Every structure is written in C-alpha cells, then in structure tokens.
Amino acid sequence: MDPLLEGLDPEQRAAVEAPRGPVCVLAGAGTGKTRTITHRIAYQVQRGHVAAGQVLAVTFTARAAGEMRTRLRGLGVHGAQARTFHAAALKQLRYFWPRVVGDEQWDLVDNKLRLVAQAANRVGLSTDSDSLRDLASEIEWSKASLIAPQDYPAAAERTHRDTPAPSPQLVRLYQTYEQLKNDARLLDFDDLLLHTAAALEENSEVGEEFRDRYRCFVVDEYQDVTPLQQRVLDAWLGPRDDLTVVGDANQTIYSFAGASPRPLLDFPRRFPEATVVRLERDYRSTPQVVELANEVIRWARGRSAGSRLRLIGQRPDGPRPSFAEFDDEPAEAAAVAQRARALMDEGVPASEIAVLYRVNAQSEVFEQALAEVGIPYQVRGGERFFARTEVRQAMSALRAASSSPTGLGLPEAVRKVLGGVGLTDEPPAGGSARERWESLLALVELAEELVATVEGADLARFVVELDVRAEAQHPPTVEGVTLASLHAAKGLEWDAVFLVGLTEGTVPIQHADGDDAAIEEERRLLYVGVTRARVHLWLSWALARAAGGRKYRRRSRFLHDLVPDAHPASRTAKQGGGPVPKRAKPKCRICGAPLLDTQAVKLGRCSECPSDVDEELLAKLRTWRAERSRELKVPPYVVFTDATLVAIAEQRPQDAAGLVGISGIGAAKLDRFGDDVLTVVRTGST
Ligand code: ATP
Ligand code: MG
C-alpha cells in the first residue's frame, strides 16, 4: 500500500483519496483531522494532481501553522504554503499592492491601543487600559464580522452583544479609529484581510494571476472562521471548488471574536457534491481521558452540539483523570509543580507537560511555583518568541557575526556568539533570567536542527532561517513545561495536561453568566482543554486566591457531573465552597461503630448490621430510576447506584438536607433528581 495511506483508518483514507474538489472532515478532537489534511496534501502532490507550490493551507494560529509545516515536511512535501490567514494575506498584499494601489506606501499598525486611546479620547470614552482593550476588541469583532460603523448598533442588538459602551458612541469611536489609522497610512490586521479580498475581487488581472499560482486550498480548524476570513477564502477560491476543510463545531471557542461554525456545518449544503467524512476514533487520548471529554460535551446545547459524536478511545488504558481542590492558589500551584516534577522523574519530558488556564493573568502563580522547584517552562501566548528582548539582541549579534568566518561548526559558532548576550553553560536558578536563558538555548537547538537538515549551513544561512521563522512566527520549541491559555492550546497535544483554576467566575468566565450561548462556549473551552491530554490529566481549583485568604470560591459548574461523587472534593462543593467544616468520621447509624469501606459509608451502616430497608420503597425507587435512565438515555447507575438507592430506602430522607447527607448524592444530583426522589419517598409514587 502507498505509505501515505498506511496508518490511516478507512474514513481518514476516504478523505485523503477523494478526488480534487470539495472535501469536508467534520470530526471530534484527536480523531486525526490535521493528520488527514496533511496526508491529503502529500497524497495529491505525490500523485501529481497538484504541485506543492500550488497548495495553500491556512489555519488560525502561528503555532498551528508551524505544526502543519512540520508535519508536511515530515511527509516529504516541500514548498506547500502553510500559514495563518493573516500571514498569507500579508504576503499577498505586499506582492499585489503596487498594482492595485500604486506606489502609496503603508505600514502595519504597531501600537493599536494607542490609536484606540486617541479615538476614545476624541469621543469621550474612558481610556484606562481595560476599557481600551474592550473597545479594541469591539472594533475587531465588527471588522471580522464585516460590520461597517453605521451598521454596528443594529448588529450589536441582533447578536445580543454585551457592548463596552453605548452604541452611538461606539459608532463614533470606530469611525474615528478608522480615520486616524487611514490618515497615518496604517493598516491593522483586519485591513490586511479586507484589502486582500478586495484586490482579488475587484481586479480581475490580480485575481487571475493569483488563481493561477494557487490551485488547492485547505483550512484546518474551520469551525473558527470569521465572515471576513470566509470572504478572503471565497476570493482565493473564485469560481473553483478545490477546497478541503476540517473542523469540530464543538471546539468553536472564538465566537466572541466573530468566529462561527456555520460555514463548516453548512459546507455539505454549499457543496452538495462534497466528500463528507466523519471521524469518531480518538487516537490522541487514553479511553479514560476520552470518557471524561465525552462527559464534558454531553451536556452541550445549541447548533454545534448537534454535530457531536461520541469519541471512541483507541489507545491503551491509562490513569484516571485526577481532581483536586486546594485552599488557595499558591497551594494549587505548588501541588501542580510537585506533580509535574514527579512526572518528569517518571520519564515524561518537560516539553510533554502543559499547564492550561482560562486567562493569561493566571500564569504568574504557576510560573513562580515551577521556578521554585527548578522546572523550566515557557509561556505561550505571552510575549512572542521573536519579539522577546533577548531574542532580538541575539539576532542582531548573530547578524553582525555572520559576515566573518568563524572556523567553527554552526551550533558552536552560535553558542559562542550568544555567550556575548548571556548564554551561560549552566542555567540560572529560575524566574525571568531562566526564561531568557531558555530562549537563547532554543536558538542553539535551532542551529543544531538546521545543520541536520541543510548540509553545510553557516551563520549567514542561519540568520536567513531565523528571519523566515520570525516572519512566520514559528518559534522553536523550548524544552520546558508549557504554560498557555485554553484558547492558545487548540489543536495541540501533550502527554500530561493540568487544567487549573477551574472555579466559577473563571471557567465559565464571569461575564458569560446569564448568557446561554456564552456559557456553551465556556463549556467547549473546557472540552478543548480536556482533549489536549494524551495520558495524564489533572483538573484542579482553589477556594481562595491568596494563601490563607477567605475561601469564597466554588468549583466550576462544569465539574459537577465529572467529579466522582465519592471524591472528597464533592463534599466541599455541596457546601457552596465556604470554609470546609471538619466532618465527623462516618459512623454506623445502627451500632455506632466507625465505618471504613465505601459501601458501608454509602449505606450509613456496617454491612453486618441489620438492614432496615423499606423494600416497597426500594422497588418504587428502582422503577423511578429505570424511567429516568430511559428518558435520559444513560445507564441506571448514572442516575443513582444501587447502594445509593438502598441508602435512600433505608434512611427515607424528608428534605434536601437529608438527601445530601447520603453519600453518593452530590450537588448536581440533588439539583437534577432531588425533587423527584423526595416525592417518591413522601408519597410512594413518581
Ligand atoms: P484537534 O481536534 O485537537 O485538532 P485532530 O483531529 O486534528 O485534533 P490530530 O492532531 O490530527 O487530531 O491527531 C491526534 C493524534 O492522533 C496525533 O498524535 C496523530 O498523529 C494521531 N493519529 C491520528 N490518526 C491516527 C491513526 N490513524 N493512527 C494512529 N495515530 C493517529
Ligand atoms: Mg487538529
């Protein structure tokens, strides 16, 4: 068999082998979507259906584009373009601009918030940094959604937007921002896309040249396309249909920025002749992780949820995901660092471990905890690698040195030059010095990688390589634990993943409260997080922020159905997250002896003590459970286990407090079944 088809399952193979034309892979996390499209590109190139140089593959983050390039190179494809929408548009616009606009020059906006601040000032809006960020996002959302300033109020109303300022003021802000930007001959990121689409749409000669150059288009993570990006894609495509899209509507996490899974879900309708493939085998994660992922997404609502499939784990069994509750964030971070250390001692490389959180500000406490135990780490989505001061210094030093011969091999030469900007033989203890050192070391590793692939590469060649990467923002991998936001983790995978800070107000984020669509997006975000883990998965939360602080937080509502009821953390959640009272050791309610095994704790009595179960009630409870489980399409034990039913029939609780006193009934079950059960107990009927 063709080696490019080996190692693909029948559905993946169908997508890879599909003839030129529209292909849509609609599938869950870890089912091999990215793998399928990279194989499809390689296969089409190998068969001579398209030349590598005519392929344009796009995705949404620089990291994901880099990942795609790496996988393509691994499959022996050279010359195919894999870029973000923005990078692709930037390149095209630079090329076509003189023909479309003439010799008028432009620059990219390098400080957007300053422009927004000027505009906000003029229209009398607040200019503190939080407001500015919100205002900038609102302008970005409008542009990504193809909404002109005058149409903003109607659009905001239609989409129930939580606007950061009254609509009329936002209209003026948006107009002023555009004015200031245009006067300064600047383009922002969204303009890059707008101008690219316009150049291709309005200029037939440009359009034709482009379509001659690129013939095959591929989009990964298509569920996150914005109307603006879709317009660019349509302009690229013109009247043709050689388009492969892959995505998972249940991983839509950029709706707030204008992204929509609709083009993905509607693809088969737009292209009725499309090859449509659904994948449900999960090759990334252990069945234990897959099971948890299925549980998270099971409760999803809305259009995206309609496309979900139950994933089937393909890997050997692994450890159960662990749940942990802490008094405060420093305690949580210290435990994460300790566990990461233990995993590393077991042989998991640091680069195969990630700590994921909801907002970037959460990284700090984890950075500190990792530094304290000497674990190297890198922060993703923080400062971009090539924007870091030490990397820029290193690049100028390398550029300066590249004109004279060194007489050394490339990696040694790079080491020597970087010695001048702070690369020591031994790493510094921790903190930001350590991070700088890691960045410099990453450059040396890049040099090692280059000599391995390009024979005779010297400093000058290396500098070119760095420039190319900087342009494409594909940072070298630093051998350290990854700290990243859930958003930045999309499409990536690690052996061990820590999902931290899972409290109400963080996951789901505060401002999603009361908005069903926003809550669903938060649930999908957790799903994205869970599905990043191959083997080890940890979910944790802290009841207070500072060490010894008041414990006013509650764990995330999304965990209610996930944390096993017998888990000690379930107890605390029930009490609303207040200070955890010391619980008396459970005792047998018949003989008073301490209870040791789980079954006994559940029943509230020793197994030897006589059962005072109300058999008639028990039978009725069983009937009720059978009805509920049929209705919910879940096995009966998911409603209540036998032991819990027996405990209810023995104890005949009369109110919610009585029910919660029964081990096995957590807050979630109380919410869902409490009233029903109490009715059965009180009236003997359902
Ligand atoms: P996401 O939705 O998170 O982007 P994805 O569907 O793009 O996930 P991939 O990243 O392509 O999934 O694949 C997940 C993992 O499973 C990768 O490590 C990939 O190499 C592996 N994999 C995919 N298909 C197969 C297969 N047929 N046999 C073995 N491993 C596979
Ligand atoms: Mg993928």
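What you are looking at is a predicted structure, and each value in this text was computed from that prediction instead of being measured.
Shown are Y377, F323, Y357, W538; of these, the ring pair (Phe, Tyr, Trp, His ring centres under 6.0 Å) with F498 is made only by W538.
A pairwise comparison of heavy atoms in R524 and A249 identifies CD-O, 3.8 Å as the closest pair. When all heavy atoms of A65 and T84 are compared, the pair lying nearest together is CB-N, 4.0 Å. Pairing each heavy atom of N250 with each of Y527, the nearest pair is O-CD2, 3.5 Å. A257 and W141 make their closest contact through C-CD1, 3.7 Å (heavy atoms, listed as atom of the first residue, atom of the second, distance). Summarising the geometry of V365 relative to A333, their closest heavy-atom pair is O-CB, 3.6 Å, with the distance given to 0.1 Å. Minimum interatomic distance between F558 and I519 (heavy atoms only, all atoms of both residues): CZ-O, 3.7 Å.
Applying the side-chain contact (heavy atoms from CB on, under 4.5 Å) rule to A300 yields the partners I297, A305, R308, E520, R523; only residues at least two apart in sequence or on another chain are considered. When the side-chain contact (heavy atoms from CB on, under 4.5 Å) test is applied to S137, no partner is found at least two apart in sequence or on another chain. Every residue was checked against the side chain to side chain donor-acceptor pair (under 3.5 Å) condition with N294, not counting sequence neighbours, and none meets it.
Between the side chains of S540 and E332, a donor-acceptor pair is found at a separation under 3.5 Å. No side-chain donor-acceptor contact under 3.5 Å links W494 and E352. S131 and D128 share a side-chain donor-acceptor pair at under 3.5 Å. In the model, S255 has no side-chain atom that pairs as donor or acceptor with a side-chain atom of T252 under 3.5 Å. For the residue pair T59/E221, the side-chain donor-acceptor check at 3.5 Å is not satisfied. Residues D282 and Q314 have side chains that never bring a donor and an acceptor to within less than 3.5 angstrom of each other.
At a threshold of 4.5 Å between non-hydrogen side-chain atoms, the residues V497 and V355 do not count as touching. Annotation: side chain of V296 is in contact with side chain of L526 (closest heavy-atom distance under 4.5 Å). L559 has its side chain within reach of L539: a pair of non-hydrogen atoms, C-beta onward, lies under 4.5 Å apart.
Atom OG1 of T482 and atom CG of L356 lie 8.5 Å apart (nearest 0.5 Å). Atom CZ of R534 sits about 7.5 Å away from atom CZ of R284, to the nearest 0.5 Å. Separating the CD atom in E504 from the CG atom in D513 is a distance of 7.0 Å, to the nearest 0.5 Å. K620 NZ to T679 OG1: the interatomic distance, rounded to the nearest 0.5 Å, is 13.0 Å.
A salt bridge does not link R682 to D655: none of the charged side-chain nitrogens sits closer than 4.0 Å to a carboxylate oxygen. No salt bridge links K551 with D328; every basic N to acidic carboxylate O contact stays at or beyond 4.0 Å. Between R557 and E522 no salt bridge is recorded (no basic side-chain N to carboxylate O distance below 4.0 Å). A salt bridge between D220 and K33 is absent, with no side-chain N of the basic residue lying under 4.0 Å from a carboxylate O of the acidic one. Contact check on D516 versus R301 returns no salt bridge, with no Lys/Arg side-chain nitrogen under 4.0 Å from an Asp/Glu carboxylate oxygen. One finds no salt bridge joining E325 and R555 here, because no Lys/Arg side-chain nitrogen approaches an Asp/Glu carboxylate oxygen to under 4.0 Å.
Atom CG of D671 has more than 12 neighbouring heavy atoms from other residues, nucleotides or ligands inside a 6.0 Å radius. Other residues, nucleotides and ligands place more than 12 heavy atoms under 6.0 Å from the CZ atom of R281. For R298, the CZ atom sits in a packed shell: over 12 heavy atoms of surrounding residues, nucleotides or ligands are nearer than 6.0 Å.
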Could you go through the salt bridge (charged side-chain N to carboxylate O under 4.0 Å, His left out) check for E627 and R630 one step at a time? CA-CA 5 Å; E627 281 163 15; R630 262 199 306 279; 5.6 Å; no
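Both cation-pi conditions hold for R672 and W299: the charged atom is under 6.0 angstrom from the six-membered ring centre and inside a 45 degree cone around its axis.
Using bins of under 30°, 30° to 60° and over 60° for the plane-to-plane angle, the ring pair H487/Y254 lands in the tilted bin.
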